[in-house]
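Notes to accompany the following structure.
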Amino acid sequence: MKSIAALQAAVTAAAPFDGEPSDAELDAIETEMPLILADVALLDAQIMTIDRTPTELDHQRIRRARRRVLAARRELANRSASVVSLSGGAA
């Protein structure tokens with residue numbers, strides 16, 4: 001029986017990782033930051049109500065946070081769509 005261990009190392013070899021994000025990754029994070037912050041605010045509002053019965057104020061806080069998430073997602077989708085349309089997009 002032939003061992004394939006030497007072949008696996010060649011197949012799975014990847015570019016060296018220096019531990020730092022690339023400029024493109026940093027730009028993507030910066031672009032998505034409003035959505036990330038809105039998601040964190042929604043999670044905070046939901047976590048506050050885990051161990052108790054939510055009050056009307058809690059419901060309002062969660063609804064407001066959900067609307068912020070949806071608005072941030074819409075803004076991100078619109079920005080992505082405008083970049084595609086400006087760059088020519090797919091035919």
* Would you say the side chain of H59 lies within less than 4.5 Å of the side chain of T49, judging by non-hydrogen atoms? -> no
* To do: May I ask you to say whether R61 pairs ionically with D44, meaning some side-chain N is under 4.0 Å from a carboxylate O?
  => no
* **Heavy-atom pair of closest approach, residues R79 and S82** => O-OG, 2.8 Å
* Asked: Within a reach of under 6.0 Å around CG of D23, are more than 12 heavy atoms found that belong to other residues, nucleotides or ligands?
  -> no
* Side-chain touch E25/E30, heavy atoms, less than 4.5 angstrom -> no
* Asked: Nearest heavy-atom pair of L76 and E32: which atoms, and what distance?
  -> CD2-CG, 3.9 Å
* Asked: When rounded to the nearest 0.5 angstrom, what distance separates CG in D58 from OG1 in T53?
  -> 9.5 Å
* **Shared hydrophobic cluster, L43 / I62 (ILVMFWY, side-chain heavy atoms < 4.5 Å)** => no
* Shortest non-hydrogen contact between A65 and L42, atoms and distance -> CB-CA, 3.6 Å
* Contacts of D39 that satisfy side chain to side chain contact (heavy atoms under 4.5 Å, CB included) - sequence neighbours left out -> L35, V69, R73
